[in-house]
Amino acid sequence: MQLSLTKALTLLACTLLSAATGPTKTVKRADSTQFVSTQGTKFFVNGSEFPFIGTNAYWLQALNEEQDIINTFSNISALGIRVVRTWAFNDVTEIPETGTWFQLIANGTTSINNGTNGLQKLDMILKHAESFGIYVVLTLTNNWSPSATDNLTSSIDDLKSSVQSRDVVETFNSSRPRNFLSNDYGGMDVYVRQFGLKNHDDFYTNDTILNSFMNYTTQIVTRYVNSPSVFSWELANDARCNSSVAASPSCNPQTVTKWHEIVANHVKSLDPNHLVSSGTQGFLCVGCPKLNPQPTSSTQPSARAVVGRRSVVKPLTRERIIQDRNAQWKRNKALLPKSEVQEREEGIRVRGRWVSTPTRRQSSSQGVGSAFDGSQGVDSEDILGIQNIAFSTFQLFPDQNSYGPDDPSLSPFNNTLQTGINWITTHGQIGQLFNKPVSLLGFGLVTQTNAPDFVPFNSTIAPFAPDATSTAATTKASSAADANSTQTFGVTDSEQDTAYASWLSAGIVSGVSGLIQYQWSQGNLTTSPNTAISPNNDTTGESSNDDTTGESPNDGYSIQGVGEDTVQSILQNAVQSVSST
Ligand SMILES: *[C@@H]1O[C@H](CO)[C@@H](O)[C@H](O)[C@H]1NC(C)=O
Ligand SMILES: *[C@@H]1O[C@H](CO)[C@@H](O)[C@H](O)[C@H]1NC(C)=O
Ligand SMILES: *[C@@H]1O[C@H](CO)[C@@H](O)[C@H](O)[C@H]1NC(C)=O
Ligand SMILES: *[C@@H]1O[C@H](CO)[C@@H](O)[C@H](O)[C@H]1NC(C)=O
Ligand SMILES: *[C@@H]1O[C@H](CO)[C@@H](O)[C@H](O)[C@H]1NC(C)=O
Ligand SMILES: *[C@@H]1O[C@H](CO)[C@@H](O)[C@H](O)[C@H]1NC(C)=O
Ligand SMILES: *[C@@H]1O[C@H](CO)[C@@H](O)[C@H](O)[C@H]1NC(C)=O
Ligand SMILES: *[C@@H]1O[C@H](CO)[C@@H](O)[C@H](O)[C@H]1NC(C)=O
Ligand SMILES: *[C@@H]1O[C@H](CO)[C@@H](O)[C@H](O)[C@H]1NC(C)=O
Ligand SMILES: *[C@@H]1O[C@H](CO)[C@@H](O)[C@H](O)[C@H]1NC(C)=O
Ligand SMILES: *[C@@H]1O[C@H](CO)[C@@H](O)[C@H](O)[C@H]1NC(C)=O
Ligand SMILES: *[C@@H]1O[C@H](CO)[C@@H](O)[C@H](O)[C@H]1NC(C)=O
């Protein structure tokens with residue numbers, strides 16, 4: 001399933017051609033306002049379909065000068081990108097001496113900062129977005145906001161080996177300034193801690209916290225209710241039961257679904273102009289009981305733009321997931337040289353090599369996998385059934401999550417590529433089933449160059465030394481053998497390019513209406529000490545900041561450096577492909 005870059009780009013070009021002649025081109029004048037609306041599985045703006053390619057820049061509000069925001073939008077829009085996803089929250093527990101903050105949450109009370117280092121930054125972002133014709137996805141909180149106090153019973157070595165727990169400045173003398181990482185802007189667990197509670201899911205269920213979050217939401221949403229530049233209100237990044245603050249035993253996907261319904265209704269009651277979406281990673285719970293109506297089947301014009309072809313989309317079931325997977329594995333095996341079949345069947349992949357182990361058979365009879373069985377503590381289909389949730393969201397981060405078991409006939413990278421394509425295709429079908437648009441809000445792969453900077457969302461330290469191991473390939477196979485591997489973590493730049501081009505193509509042909517890469521990289525930014533764009537004196541030597549200009553933060557997914565130009569041209573190609581419909 002690995003495609004060469006040229007092949008992947010050709011696929012994009014073919015998509016362009018077929019899209020230009022396919023039936024999906026028929027434009028209904030759904031809503032001729034400049035606010036984004038939906039009809040069926042499509043987004044509309046100004047009465048025309050609005051499929052988009054976008055990028056993430058959570059750190060926009062942390063830039064030091066207005067001109068930096070302008071330069072960033074200018075660069076982004078030079079590629080033809082019209083949608084940018086960014087954080088619309090920044091919770092602190094004490095007022096910081098430097099940098100941006102939006103809300104003080106301390107000792108059970110909250111207050112908002114509407115000063116020049118507060119909401120006026122967000123005002124500026126929306127103002128300039130408007131002048132570039134950019135639409136901004138505004139995220140209202142984050143599932144992840146780890147803190148040193150989450151679990152201090154672990155030893156430092158435990159913390160280093162367990163990315164669940166975390167660093168931090170005190171423990172590890174981290175050189176990363178506040179707001180450098182996406183999980184360092186506050187979020188759910190800041191409310192939980194500051195309201196004196198102890199479970200992550202108190203955020204979803206405690207009335208006092210809910211009122212407080214609704215209060216914040218009210219102020220942000222009403223502030224921008226008439227802004228034409230808001231693409232949508234995203235209720236939370238990656239909401240689920242688990243976080244670095246533990247969940248109570250009673251938390252289950254329905255806990256998270258109920259919260260989405262309450263908050264979506266609240267936002268919609270304040271702001272009828274803009275769409276509301278969840279922001280989950282798209283994790284599913286097939287076969288779980290649902291709170292919201294689920295379609296039983298849907299007949300849609302084929303997303304593949306074949307003239308006249310209609311396809312019946314059925315709900316996802318455990319049986320179908322396993323059946324489809326077995327069929328795909330069988331096809332892949334047929335392509336594999338006979339000599340390799342046996343070796344792989346008997347082995348398990350450990351950091352790129354096939355190692356013989358008797359557990360292989362057990363693991364090949366696995367169930368649907370953690371992305372589908374509710375074990376992530378969220379049911380994105382149940383959430384999509386909520387009336388005020390206008391479109392479906394999902395994310396794709398193979399370095400942090402498993403989207404299905406590995407096919408022993410494929411190399412690690414080919415597995416990454418294929419499970420990613422499957423994940424995208426599955427979500428395209430879910431959108432057709434619910435007759436709502438689907439958007440991939442974030443996708444990324446860590447390259448070997450970026451590996452030293454890689455920090456999973458649930459951690460604030462990079463747990464992997466430059467050529468240390470673990471993760472992606474490896475979170476799955478955390479055997480003792482890992483400790484001695486010398487293989488570099490991360491994909492090569494060219495593998496990243498192949499994956500990005502293939503996933504974008506897969507999204508376009510699967511009818512995913514919005515595809516947002518994670519994350520943008522911007523240079524020539526104004527530095528200021530102790531802000532996310534600090535002058536260069538970090539100890540990693542990775543930053544290319546000098547004293548006066550700097551780069552946007554890199555959490556392992558930034559496209560700065562070697563691969564930047566290629567990734568940008570891949571995005572640009574995709575933009576051309578979707579905007580010609
Ligand atoms: C990966 O996929 C490509 C394209 O299908 C194929 O040529 C290559 O042999 C595969 N690599 C491995 C190690 O499976
Ligand atoms: C993007 O920004 C960088 C740094 O400011 C600049 O050198 C480059 O020319 C810009 N690229 C585009 C396409 O505007
Ligand atoms: C919160 O309470 C603690 C302990 O009483 C106190 O040290 C801290 O200053 C308070 N924080 C704020 C922002 O009032
Ligand atoms: C609502 O937010 C405002 C502004 O931050 C604050 O003054 C007020 O105390 C909050 N009310 C509640 C009930 O949290
Ligand atoms: C900030 O909030 C205060 C109190 O609500 C209000 O009087 C003031 O006009 C606000 N300033 C800005 C710039 O929004
Ligand atoms: C919609 O129309 C407005 C007003 O003319 C314009 O500013 C905006 O860029 C248009 N949006 C799109 C996606 O064409
Ligand atoms: C803290 O971490 C240790 C070691 O990982 C674990 O055994 C313990 O249950 C954790 N405590 C809490 C309160 O989460
Ligand atoms: C909700 O949180 C508040 C504030 O910490 C606390 O006083 C209250 O007891 C909690 N409610 C429930 C039902 O636990
Ligand atoms: C945190 O990330 C690591 C590495 O991706 C993963 O193994 C672990 O399960 C995650 N923890 C939680 C609570 O999701
Ligand atoms: C790793 O390497 C060390 C030193 O060479 C050796 O003592 C140890 O047994 C090895 N561990 C494994 C799991 O191979
Ligand atoms: C760098 O930023 C400054 C200030 O915004 C701007 O004047 C200059 O043109 C930029 N240089 C490049 C190469 O983008
Ligand atoms: C970083 O540089 C600034 C300005 O040069 C300096 O004040 C600060 O002490 C330095 N910090 C470290 C950790 O070296």
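Counting convention: from 1, in listed order, for ligands and their atoms alike. Everything quoted here is computed from the prediction, not taken from an experiment.
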Review point. Are Tyr185 and Tyr58 close enough that their ring centers fall under 6.0 Å?
Key: yes
Point to revise | ligand 4 versus Gln219: contacting region, heavy-atom distance under 4.0 Å | key: side chain
**Study point:** Within reach of ligand 11, part of Asp68 (heavy-atom separation under 4.0 Å)
**Key:** neither
**Study point:** salt bridge (charged side-chain N to carboxylate O under 4.0 Å, His left out) contacts touching residues 123-140 (sequence neighbours left out)
**Key:** Glu66-Lys127, Asp123-Arg223
Practice item. Classify the side-chain pair Gln568/Asn75 by whether it contains a donor and acceptor separated by less than 3.5 Å. Key: no
Exercise for review: State the atoms of ligand 4, each with its element, that fall below the 4.0 Å cut-off from a heavy-atom position in Ser111.
Suggested key: 5 (O)
Review point. So is there a nitrogen or oxygen of Asn215 less than 3.5 Å from a nitrogen or oxygen in ligand 4?
Key: yes
Exercise for review: Run down the list Thr218, Ile112, Thr110 and name the one with the heavy atom closest to atom 7 (O) of ligand 4.
Suggested key: Thr110
**Study point:** Where ligand 1 meets Asn414 - atom numbers and elements under 4.0 angstrom, heavy-atom basis
**Key:** 1 (C), 2 (O), 3 (C), 8 (C), 10 (C), 11 (N), 12 (C), 14 (O)
Practice item. Give yes if a backbone or side-chain nitrogen or oxygen of Gln67 is under 3.5 Å from a nitrogen or oxygen of ligand 11, and no if not. Key: no
Point to revise | All pairs passing salt bridge (charged side-chain N to carboxylate O under 4.0 Å, His left out) where residues 84-108 contributes a residue, at least two apart | key: Arg85-Glu234
Exercise for review: Go through the steps to decide whether Gln67 and Asn71 satisfy the test side-chain hydrogen bond (donor to acceptor under 3.5 Å, both in side chains), and finish with yes or no.
Suggested key: CA-CA 6 Å; Gln67 191 60 41; Asn71 292 351; 2.9 Å; yes
Practice item. Among Asn90, Thr531, Asn530, find the one that has a side-chain contact (heavy atoms from CB on, under 4.5 Å) with Arg178. Key: Asn90
Study note, to complete from the structure: A student comparing Ser411, Pro337, Pro412 should find that the heavy atom closest to atom 14 (O) of ligand 1 comes from Ser411
